[in-house]
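Just so we're on the same page: letters track the sequence lines, and every chain starts at 1. Being a predicted model, the structure only gives us computed values, none of them experimental.
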Amino acid sequence: MHFIEEIIAWYLINKRDLPWRNTRDPYIIWLSEIILQQTRVEQGLPYFERFLDRYPTIAHFAAANEDEILNLWQGLGYYSRGRNMHKTSKIVMEEYGGYFPNRYDDLLKLKGVGEYTAAAISSFSAGEAKAVVDGNVFRLLSRFFGLRDVINSPQGKRAFTELANEVINKHDPGTSNQAMMEFGAKVCKPRNPDCIVCPLNQQCFALRNDMITVLPVKKKAQRPRPRYFNYIVVLSRDSILLSKRRAKDIWENLYEFPLFESDKILDVIELIGRPDFVSAFGEEVTILSVHGPAKHQLSHQTIHAQFVVIEAHKLQNVDQMGWHFVALDELPNIAQPKIIFSFLRNFLH
DNA sequence: AAAGCGGGGGG
DNA sequence: CCCCCAGCTTT
C-alpha cells in the first residue's frame with residue numbers, strides 16, 4: 001500500500017466521531033473550521049456545539065450582532081475570528097443569497113478564510129481535490145518524506161502545499177484530508193509520537209534517520225513583550241464601569257475596565273497622580289483595595305495587570321472617555337478578556 | 001518576510 | 001518554562 005492509502009486505512013479504523021464529520025453542509029463545516037484554527041479539538045468542541053445551537057443556519061448567524069458573537073466566543077482567543085465570521089455571514093447572505101459557497105476560489109475571498117480553511121470546506125463539502133495543510137500535515141509530511149523546508153515561512157508553506165497536493169487521494173479528497181490531520185494528531189504527534197505502532201514506520205525518513213525531534217523545522221518566535229495594565233474598578237450600586245477596546249490591539253471590541261497602561265509596575269500613589277487619571281477621576285479618590293499585579297501570558301505578550309478598586313467622588317469625563325456603567329446582571333452578556341472575567345469572578349464572590 | 005493576534009494543555 | 005494547537009491578516 002502507498003502512503004496515503006495506508007493513512008486512510010488507519011483513519012477508517014481509528015477515527016474519532018466528531019460532529020462536523022457527519023455533515024456536508026458548508027456552513028457547519030465553516031463554523032467548525034474557524035473555531036479550530038490554532039485551537040485543539042477538545043477546546044473548540046464545546047464552542048462549536050454552542051454556536052451551532054444558537055445559530056443553526058447562516059441566516060441565524062448573520063442576524064446576530066458582533067457583541068453577541070464575541071460574547072459567545074469569549075475565552076477562545078484570537079477574537080478576529082469571531083469578528084470576521086460576522087462580516088462573512090453578512091456577505092454570504094447578500095452576495096450568495098444565503099447559500100454558503102463551497103468552491104475553493106469563492107471561499108478564499110471570504111474574510112477569515114485562508115488556504116487551509118478553503119481547502120477544508122471545499123474538500124469536505126464538495127469533494128474538491130485541494131489538500132489541507134495544517135500543523136498536523138506539516139509534521140507528517142516533513143517526517144515521512146524528510147522535507148526540511150522551514151514550515152513557518154512562505155516558501156516552506158508552498159513546498160509543503162505542493163507535496164500535499166501530490167499525495168492527496170483524488171478519489172476521495174475529503175476523507176484523504178481528514179485522515180492526514182487525524183493521523184498527525186493521534187500518531188505522528190509533536191512530542192513522543194507513536195512510532196512503534198505507526199503503520200508507516202518502516203518507510204519514515206525521520207525515524208530511519210533519527211530526526212523525529214528535529215522535523216519539522218520551524219523558526220522560533222521572538223520573546224513575548226511585557227506590558228503593564230492598571231485597571232480602575234468603579235462600582236456604583238448594582239453597576240460597574242466598563243470600556244470597550246477599540247484600538248488595533250489585543251482583545252479588539254471586547255470590554256474591560258478603564259485602563260491606564262504604563263511602562264512598569266506602577267505604585268498606586270503614582271497612578272492616581274497621573275494627569276490622565278486626574279482628568280478622568282479627579283483629585284479626590286478613595287482607594288478601596290488593590291489586587292495583583294497578576295500575570296497573564298499570551299503567545300506574544302506578557303500582561304502584568306493590577307486592579308485598583310476606587311470610590312470616585314467626582315467622575316468628570318466618563319462619557320467622553322467612552323466609558324459606561326453596566327448593570328452587574330448584564331455581565332454574562334458582555335464579552336470580556338479572560339483576565340477581566342477571572343478577576344470579576346473572584347471579586348464579585 | 002515578519003509581526004500581531006489568545007488561551008489552554010503537555011512535557 | 002517552552003512548545004504546539006484543523007491559521008489569517010496586516011505591515
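- Atom name P, nucleotides C/dC3 and B/dA3: the rounded distance is 16 Å, in whole Å.
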Go through it in stages, so that I can follow the logic: the residues are A/E33 and A/Y116, the test is side-chain hydrogen bond (donor to acceptor under 3.5 Å, both in side chains), and I'd like the CA-CA distance, side-chain angles, deciding distance and then a yes or no.
CA-CA 9 Å; A/E33 291 301 339; A/Y116 163 78; 2.6 Å; yes
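- When the C1' atom of C/dA6 is taken as reference, atom CG of A/L107 falls 15 Å away, rounded to whole Å.
- The stretch residues 208-215 of chain A has no heavy atom under 4.0 Å from DNA chain B, so no residue of it qualifies as close.
- The side chain of A/K248 approaches C/dT11 more closely than any other nucleotide in the set C/dT11, B/dA3, C/dC2.
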For A/R21 and A/Q178, run side-chain hydrogen bond (donor to acceptor under 3.5 Å, both in side chains): C-alpha distance rounded to whole Å, both residues' side-chain angles, the deciding distance at 0.1 Å, then the answer.
CA-CA 9 Å; A/R21 286 185 177 153; A/Q178 292 280 10; 3.1 Å; yes
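- In this structure, A/K295 places its NZ atom where only 12 or fewer heavy-atom neighbours from other residues, nucleotides or ligands lie under 6.0 Å away.
- Not a single donor-acceptor pair under 3.5 Å links the side chain of A/S125 to the backbone N or O of A/D25.
- With distances taken from any side-chain atom of A/P190 to the nucleotides C/dC5, B/dG11, C/dG7, the minimum falls on C/dC5.
- The nucleotide whose nearest atom lies closest to any side-chain atom of A/K157 is, among C/dC8, C/dA6, B/dA2, C/dC8.
- Here the P atom of nucleotide B/dA2 and the NZ atom of A/K218 are 15 Å apart, to the nearest Å.
- If you measure from atom CD of A/Q38 to atom P of B/dG6, you get 12 Å, rounded to the nearest angstrom.
- Atom CD of A/E42 and atom C1' of B/dG9 are 9 Å apart (whole Å).
- At the phosphate of C/dT10, OP1 or OP2 sits under 4.0 Å from a side-chain N or O atom of A/K111.
- The partner of B/dG6, taking Watson-Crick or G-U wobble pairs whose two distances both stay under 3.5 Å, does not exist in any strand shown.
- In terms of position on DNA chain C, the residue among A/S32 and A/K295 whose nearest nucleotide sits closer to the 5' end is A/K295.
- Considering only side-chain N and O atoms, A/Q37 lies nowhere under 4.0 angstrom from the phosphate OP1 or OP2 of B/dG6.
- Across A/A119 and A/A131, no two heavy atoms sit closer than the pair CB-O, 3.5 Å.
- By the 30° and 60° cut-offs, the orientation of the rings of A/F3 relative to A/F144 is tilted.
- The salt bridge (Lys or Arg N to Asp or Glu O under 4.0 Å) with A/R245 is formed by just one residue from the set A/E252, A/E261, A/E256; it is A/E256.
- With B/dG6, C/dA6, B/dG9 as the candidates, the nucleotide lying closest to the side chain of A/L298 is B/dG6.
- For A/R21, the side-chain atoms get nearest to C/dA6 when compared with the rest of B/dG11, C/dA6, B/dG7.
- The stretch residues 69-93 of chain A touches DNA chain B through A/G75, A/L76, A/G77, A/Y78, A/Y79, A/R81, each having a heavy atom under 4.0 angstrom from the strand.
- Judged by distance alone, the side chain of A/S153 and the main-chain N or O of A/V150 form a donor-acceptor pair under 3.5 Å.
- Side-chain nitrogen and oxygen atoms of A/Q301 include at least one within less than 4.0 Å of the OP1 or OP2 phosphate oxygen of B/dC5.
- Nearest heavy atom pair, residue A/K219 against residue A/N152, reads O-ND2, 2.8 Å.
- Residue A/S299 places its side chain closer to B/dG6 than to any other of B/dG9, C/dA6, B/dG6.
- If you look at A/F51 and A/W73, their ring centroids are closer than 6.0 Å.
- The gap from the P atom of B/dG6 to that of C/dT11 amounts to 15 Å, rounded to the nearest Å.
- In this model, the phosphate group of B/dG6 is not approached by any side-chain N or O of A/H300 to a distance below 4.0 Å at OP1 or OP2.
- In summary, the side chains of A/S123 and A/E128 do not present any donor paired with an acceptor at a separation below 3.5 Å, with no hydrogens or angles considered.
- Side-chain atoms of A/T117 stay outside donor-acceptor range of the base of C/dG7, with no qualifying N/O pair under 3.5 Å.
- A/K338 places its NZ atom 11 Å from the C1' atom of B/dG6, with the value rounded to the nearest Å.
- Residue order along DNA chain B, read from the 5' end via each residue's closest nucleotide, puts A/R158 first among A/R158 and A/R191.
- The separation between A/I34 atom CD1 and C/dT9 atom P is 8 Å, rounded to whole Å.
- As rounded to whole Å, 5 Å separates atom C1' of C/dA6 from atom CG of A/D134.
- Ring geometry for A/Y27 against A/F100 counts as tilted: the plane angle lies between 30° and 60°, on a 0 to 90° scale.
- A distance of about 25 Å separates the P atoms of B/dG4 and C/dA6, rounded to the whole Å.
- If you check residues 135-155 of chain A against DNA chain B, the residues with a heavy atom closer than 4.0 Å are A/P154, A/Q155, listed by number.
- Protein atom CG of A/L36 is 8 Å distant from nucleotide atom P of C/dG7, rounded to whole Å.
- Residue A/K15 is classed as having no contact, given no heavy-atom separation below 4.0 Å to the nucleic acid.
- Between B/dA3 and A/Q222, a contact under 4.0 Å exists linking OP1 or OP2 to a side-chain N or O.
- Nearest heavy atom pair, residue A/L107 against residue A/S122, reads CD1-N, 3.8 Å.
- For A/T302 (side chain) and A/R225 (main-chain N/O), no donor-acceptor pair under 3.5 Å exists by modelled atom type.
- Among the atoms of the strands shown, only primed sugar atoms or phosphate atoms (P, OP1, OP2) are found under 4.0 Å from some heavy atom of A/D249.
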